[in-house]
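Order of appearance sets the numbers: ligands from 1, and atoms from 1 within every ligand. Numbering starts at 1 and runs along the sequence shown.
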Amino acid sequence: MRIRKLSEITLAAIMSLTILSCSKTTMPYSDVVDQKVDSILMLMTLEEKIGQLNLVTSDMDVTGPFIRKGYEEDIAKGRVGAIFNAYGAGYTRKLQELAVNNTRLRIPLLFGYDVIHGHKTIFPVPIGEASSWDLEAIERSARVAAEEASAQGLHWTFAPMCDIARDPRWGRVVEGSGEDPLLGSLIAQARVRGFQGTDLSQTNTILACVKHFAAYGAAQAGRDYHSVDMSERQLREVYLPPYKAAIDAGALSVMSSFNDLNGIPATASKYLMTDILRNEWGFQGFVVTDYTSIMELLHHGVAADTLDAARLALNAGIDMDMQSGFYNSALLKLLNEKKINEEQINQAVRRILRIKFLLGLFDDPYRYCSISREKETLLSNDNLLAARDMAKKSIVLLKNQNNLLPLDKNIKTIAVVGPLANSQRDMMGSWSAAGDWPNSVTLLEGIKNKIPGSQILYAQGCAIDDSNTGMIDEAVKIAKRADVVILAVGEAAWMTGEASSRASLDLPGVQQELVERIYSTGKPIVAVLMNGRPLTIGWIDQHIPSILETWFLGTQAGNAIADVIFGDYNPSGKLPITFPRSVGQIPIYYSMRSTGRPFDANNKYTSKYLDESNDPLYPFGYGLSYTTFDYGEVELSSSEITETDTLDISVSVTNTGKYYGREMVQLYIHDNVASVAPPVKLLKQFQFVDLKPGESKKMVFKLTVNDLMFYRDDMSYGFEKGQFTVYIGGNSRDVRTAFFSLN
Ligand code: BGC
């Protein structure tokens, strides 16, 4: 097709499109946008259209197999519609100018980036934030991330990750919200609200991207990128709900996952990208692939060549090609060979342009490139305070024998030991985007800030992951001189996240030896775990009196941990994922089915191991406080309900300890008899309660038939009448019980 010059087409038409303000019209916003999009589409050549479907990385930051060279030239030639891994008000302006000043239709670029847990101010890794169960705080965290990212010229984040994960060998457990579909769904929605706000055209909001669609977290054997093989029942009951919830919350982009699902790579799956996403769920945004996923269709063995791969992806419903360049090289040919039609391309272009309009980029392509806003926003005091607040709330107290914690601030000598005690880089966790690790506060620094009057001794003890035991003696020496030892052990940030599967969940390197040698000093020890996944820490659980799970807490890590250690914040976090005792128990999660031969210690022929207990080390929902909470009997407003009733379920929770505390009260349901073997428990609702010492509050949960629905034996979604058990407690194991029936 001949490319027309700008002067040849109706310049007035384009101008009226770009400056038309919605407030000046009575048409609904989306109709106005759709009209504008269609008018532009009419002016576009095929090459220009295909260019819009192409997303390429800048060379600032890369995660995959190759860097596309010459992206700046491609921008100027209109072969690129979006850029990722480029940020900074100045840099994005420069790239935007290349697109706007050089291309015929001046269509602005979309800038995306992995803003996963903060942008410059780094918040806790997602599994950490999920441990807070605090949806408001999580939304605020995403809001701050959006403020900072948009101030650096970004329009789009590749988050939230909505992959349910039940296999801690998989390194990307760190990027998700754990094992439970309900908790995962609510967190996904909080993040979408935080990123997108209520109006995408505001310059401080960014487009969310729901990833990795679908079921990426179920990679076989926990090995990243591996196949996923699962029943439709499991897909719909467990894995799909968080993606759907994020879309229901308004997320307008989705990323296809790397894995194949039952043999069909997600990027070639019409079932996922069109049948479920668009036809069932009504998704209106655009779908982007994960990094080079169209190219990877060759390695999956479902495409013979570039043409084949691009055709499969387009037919599946993929709109934007991240980093393969296959759409650019193949779509025109495919069209000429009549293997695809132009309307398919138009459709994809429309979806992408629509978002560019909604972001306000056609009004002003540089509206996100403000150097002064960038200066004011990044790492502001408010943002740092929000990060510290989120970090405190993300800490889970796993054990506190004899109330060793909180420590007295007047303590004379403290030994801070361990390879993670003073590692700024690791505090950032995996995927810390544009975060600069020299800004992060380590545990050692946090403790020094908190108790400047005490003597603080420090020894690294060993590296995170090598076999050298040469530094352990020095650590033992300082431990002996101290009143208490704070021992920071775990994983390096790089051992978690993408391409970081582990076959062992033990402490890496010689850390276990370090722990045992410090233990042999007989000093009181607080173990501070820093890691991106559940670890098998049975020995520590048996021997060390106090244990804090801190994940990787971000820029304010050390200050937040010191707040908890010295009692300025009473820990309230609860595990969003089960901790196994050993790798052999995996997958282990609280909502398993009972089997036909439930565990019986006295009967060999029941479901169990010869050499391991069935119980986890710490169950889902578990987390202690410096105070104690007593749960009263569960009371029901009625023992029988019908499908139109609301059942009030109440329980009194009392703070029976010495400290003000916050408890996350969890409600689980078990369907006693159903057409499909029901999970032993399923989380249905949760609520915080804040209590002073001695104080009691009555917590009321309102249950309706919606809480009792499931995919029945014929896969229809609905309820079945019968008996149900209600469980309420502070974790999924220690619960109070009541019964009711649905008639
Ligand atoms: C990851 C995605 C990420 C993308 C872009 C991929 O390797 O799987 O989660 O958003 O890179 O950086």
K.L.:
Got a sec, which pairs hit ring pair (Phe, Tyr, Trp, His ring centres under 6.0 Å) with one end in residues 164-200, sequence neighbours left out?
P.N.:
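Residue pairs with at least one partner in residues 164-200: Trp170-Tyr216.
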
K.L.:
Closer than 4.0 angstrom, basic N to acidic O: yes or no for Lys270 and Asp275?
P.N.:
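Salt bridge present between Lys270 and Asp275.
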
K.L.:
Numbering the atoms of ligand 1 from 1, which are under 4.0 Å from a heavy atom of His212?
P.N.:
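With His212 as reference, the close atoms of ligand 1 come out as 2 (C), 8 (O), 9 (O).
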
K.L.:
Among all residues two or more places apart in sequence or in another chain, which pass the side chain to side chain contact (heavy atoms under 4.5 Å, CB included) test with Trp281?
P.N.:
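Partners of Trp281 under the side chain to side chain contact (heavy atoms under 4.5 Å, CB included) test: Phe213, Leu240, Tyr243, Lys244, Ile247, Ile276, Leu277.
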
K.L.:
Tell me whether Met255 reaches ligand 1 (any heavy atom closer than 4.0 angstrom to a ligand atom).
P.N.:
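Checking ligand 1 against Met255, which is what was asked, there is a heavy-atom contact under 4.0 Å.
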
K.L.:
Run the numbers for me: atoms of ligand 1, each under 4.0 Å from some heavy atom of Phe84, listed by number.
P.N.:
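Per the distance check, 5 (C), 12 (O).
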
K.L.:
If you count the atoms of ligand 1 from 1 in the order shown, which ones are under 4.0 Å from a heavy atom of Arg172?
P.N.:
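So the atoms of ligand 1 that pass are 1 (C), 2 (C), 8 (O), 9 (O).
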
K.L.:
At less than 4.0 angstrom from any non-hydrogen atom of Asp290, what atoms of ligand 1 do you find?
P.N.:
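In order of numbering, the contacting atoms are 1 (C), 2 (C), 3 (C), 4 (C), 6 (C), 7 (O), 8 (O), 11 (O).
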
K.L.:
Looking at Phe158, which atoms of ligand 1 are within less than 4.0 Å of one of its heavy atoms?
P.N.:
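Within the 4.0 Å cut-off of Phe158, ligand 1 contributes 5 (C), 10 (O).
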
K.L.:
Ile340 and Leu331: which non-hydrogen atoms are nearest, and at how many Å?
P.N.:
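Of all heavy-atom pairs spanning Ile340 and Leu331, the closest is CD1-O, 3.7 Å.
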
K.L.:
Ring-plane angle category for Phe357 and Phe362, please: parallel below 30°, perpendicular beyond 60°, tilted otherwise.
P.N.:
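Geometry flag for Phe362 against Phe357: parallel rings.
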
K.L.:
Give yes if a backbone or side-chain nitrogen or oxygen of Asn85 is under 3.5 Å from a nitrogen or oxygen of ligand 1, and no if not.
P.N.:
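No, there is no polar N/O contact under 3.5 Å.
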
K.L.:
Between ligand 1 and Lys211, is the shortest N or O to N or O distance under 3.5 Å?
P.N.:
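For ligand 1, there is an N or O atom that lies under 3.5 Å from one belonging to Lys211.
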
K.L.:
Out of curiosity, is Glu175 lining ligand 1, as in a heavy atom under 4.0 Å away?
P.N.:
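Per 4.0 Å heavy-atom rule, Glu175 does not contact ligand 1.
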
K.L.:
Would Lys211 count as a cation-pi partner of Trp431, with NZ or CZ less than 6.0 Å from the six-membered ring centre and within 45° of the ring normal?
P.N.:
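Judged by the rule (NZ or CZ under 6.0 Å from the ring centre, within 45° of its axis), Lys211 counts as positioned above Trp431.
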
K.L.:
Ligand 1 versus Trp431, non-hydrogen atoms closer than 4.0 Å: side chain, backbone, both, neither?
P.N.:
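Just the side chain.
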
K.L.:
Quick one: are the ring centres of Tyr113 and Tyr87 less than 6.0 Å apart?
P.N.:
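For Tyr113 and Tyr87, the ring centres are under 6.0 Å apart.
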
K.L.:
At a 4.0 Å cut-off, with the gap strictly under it, does some heavy atom of Phe258 reach an atom of ligand 1?
P.N.:
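Yes; Phe258 lies near enough to ligand 1 that a heavy-atom distance drops under 4.0 Å.
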
K.L.:
Side chain to side chain donor-acceptor pair (under 3.5 Å) with Arg191: which of His117, Glu139, Glu129?
P.N.:
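That would be Glu129; it is the only one of His117, Glu139, Glu129 passing the side chain to side chain donor-acceptor pair (under 3.5 Å) with Arg191.
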
K.L.:
So, is Tyr291 polar-close to ligand 1, with some N/O to N/O distance under 3.5 Å?
P.N.:
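In fact, backbone or side chain, Tyr291 has no N or O that close.
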
